[in-house]
Amino acid sequence: MKASKQISESLPIMILLTLSGGFMDAYSYLCRGEVFANAQTGNILLFGVNLSMGHWSKALQYVCPVLAFAIGIAAAEFVRRKFTNRKHVHWRQIIVFCEAVILFGVMFIPQELNLLANSLTSLACGAQVESFRKIQGNGMATTMCIGNLRMATQSICDYWFTKDKPAMEKGFLFFGIIAIFTIGAIMGNVSVRLFSEKAILVSGILLITAFSIMLINKED
């Protein structure tokens, strides 16, 4: 499998971002009222269910993160277009740094303002999913698993029928990314039990580490 020249598509960066992605989902679900930070399909489903039952305030808790996720995508696209050809800073570095700052702020938000906390976390996730879409040249996601699961399974099937070794390597790579996401969720559960709202600090540290690696190793 040919390695990407982009540090933002490298395995170390994707591991850090995927750990953070799993962590954020576990954090928002376990610590912030059972709302997903990344899994917007689940939020949309629960929004519809609560809307149909007339639970208006509960429905609001699920729809606001969806809207914030979309805003995060739009914000990342704006940053990409504004800073693409800058010499001293890469636009993805700006995204990761801003994500970390947002999450550092979330840890100070009390339980009474979970709607705000979840919306900010989802905004960060939206920016991440828009900005980091490849690993070693292959399309993937750091904040959700359904596309990665499809790609992993398809690649293993390709190997089964063609005996193409790169297909097998690709399949194991994507299954590995799913495992890393799961580890991030486990880290999130343990951290929430220990630190409650402050647990999101761990996710911010993961993102700052990714930012530092990207800062040292410039994009080609």
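Here the structure is a predicted model, which means the values were calculated and not measured.
I146 and I177 fall into different hydrophobic clusters, where Ile, Leu, Val, Met, Phe, Trp and Tyr residues are linked whenever their side-chain heavy atoms come under 4.5 Å apart, directly or through other members. Placement of I156 and L173 in two distinct hydrophobic clusters is found when ILVMFWY residues are connected by side-chain heavy-atom separations under 4.5 Å, directly or transitively. Connection of L116 to L103 is established within a shared hydrophobic cluster, with ILVMFWY side chains joined at heavy-atom distances below 4.5 Å, either directly or through further cluster members. Tracing side-chain contacts under 4.5 Å through hydrophobic residues (I, L, V, M, F, W, Y), one never reaches F132 starting from F181; they form parts of separate clusters. A single hydrophobic cluster is seen to contain both I208 and I15, as judged by linkage of ILVMFWY side chains at heavy-atom distances under 4.5 Å, directly or through other members.
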Run the numbers on I44 and Y62 for side chain to side chain contact (heavy atoms under 4.5 Å, CB included), then give the verdict. CA-CA 7 Å; I44 292 170; Y62 291 107; over 6 Å; no
Pair L16, I213 - check side chain to side chain contact (heavy atoms under 4.5 Å, CB included), show working. CA-CA 10 Å; L16 290 167; I213 294 172; 3.7 Å; yes
When you look at V192 and I200, which way does the side chain to side chain contact (heavy atoms under 4.5 Å, CB included) test go after all the steps? CA-CA 8 Å; V192 165; I200 198 65; over 6 Å; no
Checking side chain to side chain contact (heavy atoms under 4.5 Å, CB included) for the pair I13/S10: CA distance, chi angles, key distance, verdict? CA-CA 6 Å; I13 294 297; S10 68; 3.5 Å; yes
Test side-chain hydrogen bond (donor to acceptor under 3.5 Å, both in side chains) on N114 and R32 and set out the steps. CA-CA 5 Å; N114 277 347; R32 296 292 188 174; 2.8 Å; yes
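Atom NZ in K170 sits 4.5 Å away from atom CE in M151 (nearest 0.5 Å). Here the OH-CG distance, from Y29 to N118, works out to 12.5 Å after rounding to the nearest 0.5 Å. Annotation: the span from I102 atom CD1 to M107 atom CE amounts to 14.0 Å, rounded to 0.5 Å. Distance check, rounded to the nearest 0.5 Å: CG of N43 to CZ of F69 gives 10.0 Å. Between atom OG of residue S119 and atom CG of residue L67 there is a gap of 8.0 Å, rounded to the nearest 0.5 Å. The CZ atom of F47 lies 9.0 Å from the SG atom of C64; values are rounded to the nearest 0.5 Å.
For the residue pair S203 / S20, a side-chain donor-acceptor distance below 3.5 Å is found, with atom types taken as modelled.
Taking each heavy atom of C125 and N38 in turn, the nearest pair found is SG-OD1, 2.6 Å. Here the closest heavy-atom approach between residue Q40 and residue S122 is recorded as NE2-OG, 3.6 Å. Here the closest non-hydrogen pair linking P65 and L60 is CD-O, 4.4 Å. Taking each heavy atom of N50 and K58 in turn, the nearest pair found is OD1-CG, 3.1 Å. Nearest heavy-atom pair, D25 versus A37, reported as atom, atom and distance to 0.1 Å: OD1-N, 2.8 Å. Between Q128 and L207, the shortest heavy-atom distance links the atoms OE1-CD2, 3.7 Å.
Side-chain contact between Q61 and H55 is absent, with no heavy-atom pair separated by less than 4.5 Å. Counting only heavy atoms from C-beta outward, the side chains of F175 and T153 approach each other to under 4.5 Å. In this structure, the side chains of E197 and Y27 come closer than 4.5 Å at one or more pairs of heavy atoms. Contact of the V202 side chain with the F23 side chain is registered, since non-hydrogen atoms from C-beta on lie closer than 4.5 Å. Residues L194 and S191 form no side-chain contact, since every pair of their non-hydrogen atoms from C-beta on lies 4.5 Å or further apart. A 4.5 Å side-chain heavy-atom check between L30 and N189 finds at least one atom pair inside the cut-off. Counting heavy atoms from C-beta outward, M140 and R133 have side chains that stay 4.5 Å or more apart.
Counted within 6.0 Å of NZ on K198, heavy atoms from surrounding residues, nucleotides or ligands total more than 12; the atom is thus considered enclosed. Residue F104 places its CZ atom among more than 12 non-hydrogen atoms of other residues, nucleotides or ligands, all under 6.0 Å distant.
Of the candidates T142, T182, I178, T18 forms a side chain to side chain contact (heavy atoms under 4.5 Å, CB included) with just one, namely T142.
Taking the ring centre of Y159 as origin, the terminal cationic atom of K163 falls inside the region bounded by 6.0 Å and 45° from the ring axis.
Taking 4.0 Å as the cut-off between side-chain N and carboxylate O, E169 and K165 do not count as a salt-bridged pair.
Between the side chain of R80 and the backbone N or O of W91 there is no donor-acceptor pair closer than 3.5 Å.
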